[in-house]
Amino acid sequence: MGIHMQLLIAILLGIKRNWHIFAGLILGVICGILFPQNQYPFVHKIFVLIGQIFINTIQMVVIPLVISAIVIGISSIGDNKQLAKFGKKMIFYYTIITVAAVTIGALLGVFMRPGVGAREFINPDIAQELQGVVSGMMADQQSHLAQILMGLIPKNPFHALSMGDMIPIIIFVVIFAIALSKIGEINRPVVSFFESIFAATMKVTDWIMYLAAPGIFALVAGSISSYGISIFHGVGKYFLAIVIGLLIQFMVVYPLMLITFSRVSVAKLYGAITEAAMVAFGTASSSATLPLTITCCEKRGISSKICSFVLPLGATLSMDGTAMAQTLAVLFLTQAYGIELSTLAIVQVAFLAIVASSTCAGIPGAGLITIALVLNGIGLTPEQMVVGFSFLFALDRIADMMRTTANVTSDAVVAAIIADNANEINYELFNNQEIQKDII
Ligand code: ASP
């Protein structure tokens with residue numbers, strides 16, 4: 001059986017198990033089309049309210065989950081050599097996946113030329129209300145790169161915690177967990193404390209998933225109803241390029257990675273993480289999806305040691321879907337304004353997209369904000385930059401839902417490869433889609 005057929009069957013099996021979330025997603029699309037925001041503002045408000053409650057509920061467990069997962073992951077890996085080995089592997093696999101993503105994005109941008117003729121749609125009025133906010137944000141991003149870098153090390157970890165700044169939190173927790181693993185038996189009370197926190201947050205995640213179907217329904221309906229299908233006019237090619245690019249990641253790049261570097265069956269992995277992928281699509285947030293990504297991978301037999309180390313770091317620091325979309329967005333804007341970029345400039349854009357995507361938080365719309373870093377110095381006037389950027393901003397949500405699904409899937413792919421290499425997958429469980437491990 002061809003690999004694409006296997007993928008399809010796996011996804012269908014995953015959907016069969018999670019049919020209610022899938023039904024929510026489809027119904028959301030239908031209701032979003034039937035109740036456009038401009039005609040039914042009240043219905044739209046209800047969608048947004050229910051969706052936001054769902055996102056808030058899952059975000060509530062993210063910080064305790066990330067902290068406890070990293071502490072357990074690193075302290076269970078224990079020795080330095082193994083930790084360094086896993087760290088190097090993560091960097092290696094993520095680099096391949098992200099470089100592939102930006103290359104595909106750049107090639108599609110160059111060959112499909114999605115921006116040509118789109119200028120008339122980039123109407124200065126279209127995003128007028130956004131422009132003030134956007135120019136402030138862009139100035140912030142561009143002039144404060146040094147500050148962004150400095151902000152990665154938290155002066156006060158509790159401040160970072162209270163602000164929900166994931167990257168500084170992770171940097172602190174990784175250092176703290178390595179230190180814990182170095183102090184011997186005396187670390188037991190603290191590690192046990194975090195083990196309890198981890199188990200409890202996973203339990204809460206299980207409960208929250210009962211809300212997933214209505215939550216995803218409302219989120220999807222809310223996005224579609226506010227942007228409407230009409231946004232596809234004029235920028236249809238841009239969306240098409242994103243869809244084709246992401247499909248290449250799903251159907252070619254991830255499978256090739258799994259086949260080349262591991263014994264993991266692509267179809268089984270995709271089947272295992274369908275639920276997380278649907279939640280990623282609905283929430284457009286890889287951080288909010290993280291509890292689900294961990295649950296899906298652990299339930300199918302990928303060891304907790306690997307999941308709790310790789311997935312939180314991956315969900316925060318590596319975003320291949322975002323990097324691809326940023327590359328395409330920049331090419332779209334320059335083409336729309338008739339600016340020809342040299343090959344070297346395109347390579348530069350792709351490189352900056354990798355940097356920008358990894359500094360971006362796993363929350364909705366973050367990828368578009370960090371794009372300001374990439375837009376700098378590519379020949380657009382400040383006016384064009386702000387107008388073009390506001391335009392992208394106005395239609396970003398749907399693109400965001402798609403790229404977040406890729407961001408989450410690539411995390412599971414990298415975790416599965418590393419787990420396979422380290423003999424940390426229970427294949428009996430992994431290959432038998434009907435049994436699930438109880439993780440708590
Ligand atoms: N929403 C994306 C994520 O959470 C980030 C982005 O591209 O905006 O992965």
Side-chain angles (χ1 to χ4, degrees), residues 51-52 54-56 58-59 62-63 65-66 94 97-98 101-102 104-105 134 137-138 141 148 164-167 169-170 215-216 219-220 222-223 227 238-239 241-243 245-246 249-250 254 273 276-294 310-330 332 349-350 352-375 389-390 392-415:
Q52 201 53 48
F54 175 64
I55 293 209
N56 288 0
I58 42 182
Q59 268 177 342
V62 170
I63 291 188
L65 179 74
V66 166
Y94 272 125
I97 287 188
T98 316
V102 291
I104 294 166
V134 165
M137 239 158 45
M138 292 185 75
Q141 284 284 323
I148 297 175
D165 290 342
M166 290 314 276
I167 299 183
I169 294 177
I170 286 187
I216 299 295
L219 285 167
V220 173
S223 319
Y227 300 111
Y238 167 66
F239 274 99
I242 295 187
V243 171
L246 293 177
Q249 284 292 93
F250 279 102
Y254 303 153
I273 59 162
M278 289 193 283
V279 171
F281 184 81
T283 57
S285 167
S286 23
S287 286
T289 312
L290 182 62
L292 247 281
T293 324
I294 297 183
V310 176
L311 293 173
L313 293 183
T316 316
L317 300 173
S318 171
M319 305 206 174
D320 58 322
T322 301
M324 175 190 285
Q326 288 178 330
T327 310
L328 265 168
V330 173
F332 170 81
V349 165
L352 279 176
I354 297 179
V355 178
S357 66
S358 49
T359 65
C360 114
I363 53 174
L368 206 65
I369 296 170
T370 52
I371 211 176
L373 287 178
V374 191
L375 278 175
F389 184 77
S390 308
L392 286 177
F393 205 84
L395 50 84
D396 188 55
R397 180 61 183 226
I398 295 171
D400 195 4
M401 292 156 88
M402 299 190 284
R403 62 183 187 249
T404 307
T405 313
N407 292 342
V408 166
T409 307
S410 63
D411 294 335
V413 167
V414 171

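Remember, it's 1-based here, ligands and their atoms both numbered in the order they're listed. Numbering starts at 1 and runs along the sequence shown.
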For G362, take its heavy atoms, then give the atoms of ligand 1 lying under 4.0 Å from any of them.
3 (C), 4 (O)
Where the side chain of T293 meets the backbone of T289, is there a donor-acceptor pair that is under 3.5 Å apart?
yes
Shortest non-hydrogen separation from T327 to G105 and the atoms involved
CG2-C, 4.3 Å
If you look only at distance, which donor and acceptor atoms sit under 3.5 Å apart when one is on a side chain in residues 360-367 and the other is two or more places apart or in another chain?
none

Give the atom numbers and elements of ligand 1 that come within less than 4.0 Å of a heavy atom of T322.
5 (C), 6 (C), 7 (O)
S286 heavy atoms, cut-off 4.0 Å: which ligand 1 atoms fall inside?
3 (C), 4 (O), 9 (O)
Sidechain-backbone polar pair: N407 side chain, G321 backbone, donor-acceptor under 3.5 Å:
yes
Should you measure from each heavy atom of S285, which atoms of ligand 1 turn up under 4.0 Å away?
4 (O)
Sequence neighbours left out, what passes ring-ring contact (aromatic ring centres under 6.0 Å, His included) with Y94? Give chain and number order.
none
For ligand 1, the portion of V408 having any non-hydrogen atom under 4.0 Å away:
neither
Does any part of the side chain of I216, heavy atoms only, come nearer than 4.5 Å to the side chain of V279, both counted from C-beta?
yes
So for ligand 1, is G367 a polar contact partner (N or O within less than 3.5 Å, distance only)?
yes
Run the numbers for me: atoms of ligand 1, each under 4.0 Å from some heavy atom of A366, listed by number.
8 (O)
Under a 4.0 angstrom heavy-atom cut-off, which atoms of ligand 1 come close to R403?
6 (C), 7 (O), 8 (O)
Heavy-atom pair with the smallest gap, counting every atom of D320 and Q249
OD2-NE2, 2.9 Å
Atom indices of ligand 1 within 4.0 angstrom of T404 heavy atoms, with elements
1 (N), 2 (C), 3 (C), 4 (O), 9 (O)
Part of A284 with heavy atoms under 4.0 Å of ligand 1, whether side chain, backbone, both or neither:
backbone
Closest heavy-atom contact between A406 and L246?
CB-CD2, 3.8 Å
Determine, considering heavy atoms only, which of D411, T405, D396, D400 sits nearest to atom 1 (N) of ligand 1.
D400
